[in-house]
There are 2 protein chains.
Amino acid sequence: MTLDSETKAVELPEHHGDELRLWLRLLTCTTLIEGEVRSRLRERFDVTLPRFDLMAQLDKVPEGMTLSDVSKRMMVSNGNVTGLVERLVESGHLDRRTSDVDRRVQVIRLTKAGRAEFRKMAAEHELWIADIFRDLTPKDVRELMRLLAKTKTSAQKSARARGDRG
Amino acid sequence: MTLDSETKAVELPEHHGDELRLWLRLLTCTTLIEGEVRSRLRERFDVTLPRFDLMAQLDKVPEGMTLSDVSKRMMVSNGNVTGLVERLVESGHLDRRTSDVDRRVQVIRLTKAGRAEFRKMAAEHELWIADIFRDLTPKDVRELMRLLAKTKTSAQKSARARGDRG
DNA sequence: CCAGATTTCTTTAAGTTTCAAGCAATTGGC
DNA sequence: GCCAATTGCTTGAAACTTAAAGAAATCTGG
């Protein structure tokens, strides 16, 4: 018993290396895919990933969203969205108007041109993603979906437990 | 048969929604965890995530690495590393010297102080990660590792097939 | 040896991102 | 109605990021 506790001493203060390796692998996968998508978007459509992401959010809601909504959905800061929207309005992709009921609120929508351009990009984008995940069987995909859902819940719980607000 | 092909028409041009949803979920998970780690690093140690990541790379290799090595390992651009290293040398965390054998090459290492500080941060960091993944069973972790490995390989293959270099 | 190609790193411009501070509008309690 | 707190957004500073172009050193094949 004494011997046993000695041999295991190195990993005694709890063994958390597996979770760390998992996190690094998750990060590597995402970085890899994100970089690939970013390259293709630039090369094929000369658009940045953040702009594409913002347009993707808006495409789902024809009646438009507030900046706060976008900010929450994209999980980025308010100030970030302000700047992104500014440039997309400038380039004619977005339409922006102040809410009638609350003059603090800015409602943004895709313009007709913006929507058309986004749909064109989104169609190709979907094929890229399919190609990137080509080696995964439908069962792999289902299983990953399940495990990532569990991961998300776990992470959210951990964040909430800490205090959540800085 | 004619009827069948008509009813399926909407999803005929290939069905790739599952992969897209999987990608979005993967991205959500990573963004969520990354944000949580970023917050904690700032709050607890007043350090940014990129600096922590760079120091983590260097901690694994006491004899030091070149900027190119770091750039490849972190999957970020060369210019990015140049700036990061500049600031970390400035703050005394990194030591930098020109290689004797190749005067283009800059070798960087953690200073004694830098290493001590990193080790302190890394110990807590590992606990945060363990907490974030708390709900996953050891089996879940193994399974995720396996599926993400497969995903990584698939994504790399897809990137290579495209041409890889922009 | 030498010219051209390659590699390593830096620089530049533009854009993204966060955090913190601040302003304006709204809401809620009294 | 009024004041305080909250909410929605903007601004400013600093840092991060990429892509592209450039400088310096090395390598390669004559």
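Just so we're on the same page: letters track the sequence lines, and every chain starts at 1. These values consider heavy atoms only, across backbone and side chains, with no hydrogens, waters or symmetry-generated copies.
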Checking [Y] against [X]: is there a side-chain donor and acceptor pair closer than 3.5 Å?
| X | Y | answer |
| --- | --- | --- |
| B:Ser77 | B:Asn80 | no |
| B:Ser99 | B:Gln106 | no |
| A:Thr111 | A:Asp95 | no |

Any side-chain N or O of [X] below 4.0 angstrom from OP1/OP2 of [N]?
| X | N | result |
| --- | --- | --- |
| A:Arg42 | D:dA20 | no |
| A:Ser77 | C:dT17 | no |
| B:Arg103 | D:dT26 | yes |
| A:Arg38 | D:dT17 | no |
| A:Thr48 | C:dT16 | yes |

Return the value, rounded to whole Å, for the distance between atom [atom1] of [X] and atom [atom2] of [N].
| X | N | atom1 | atom2 | result |
| --- | --- | --- | --- | --- |
| B:Met74 | D:dC16 | CE | P | 10 Å |
| A:Arg97 | D:dG8 | CZ | C1' | 16 Å |
| B:Met75 | D:dT18 | CE | P | 11 Å |
| B:Ile108 | C:dT10 | CD1 | P | 10 Å |
| B:Asp46 | D:dA15 | CG | P | 11 Å |
| A:Glu86 | D:dG12 | CD | P | 11 Å |
| A:Glu90 | C:dA14 | CD | P | 14 Å |
| A:Leu54 | C:dG15 | CG | P | 15 Å |

Between A:Asn80 and A:Val101, name the one whose nearest nucleotide on DNA chain C is closer to the 5' end.
A:Asn80
Heavy atoms only, 4.0 Å cut-off, all strands: where does [X] land among base, sugar-phosphate and nothing?
| X | answer |
| --- | --- |
| B:Asn78 | base |
| A:Thr66 | sugar-phosphate |
| B:Ser68 | sugar-phosphate |

If you apply the rule salt bridge (charged side-chain N to carboxylate O under 4.0 Å, His left out), what do you find for B:Lys150 with A:Glu143, and how did you get there?
CA-CA 13 Å; B:Lys150 201 168 175 180; A:Glu143 190 64 1; over 6 Å; no
If you compare all heavy atoms of B:Thr30 against all heavy atoms of A:Trp23, which two are closest, and at what distance to 0.1 Å?
O-CH2, 3.9 Å
Proximity to the side chain of B:Arg51 - top-ranked nucleotide from C:dT17, D:dA15, D:dC9:
D:dA15
Between A:Gly35 and B:Gly83, who's closer to the 5' end of DNA chain D by nearest nucleotide?
B:Gly83
Looking at D:dT7, does its base get a donor-acceptor pair with the side chain of A:Arg104 below 3.5 Å?
yes
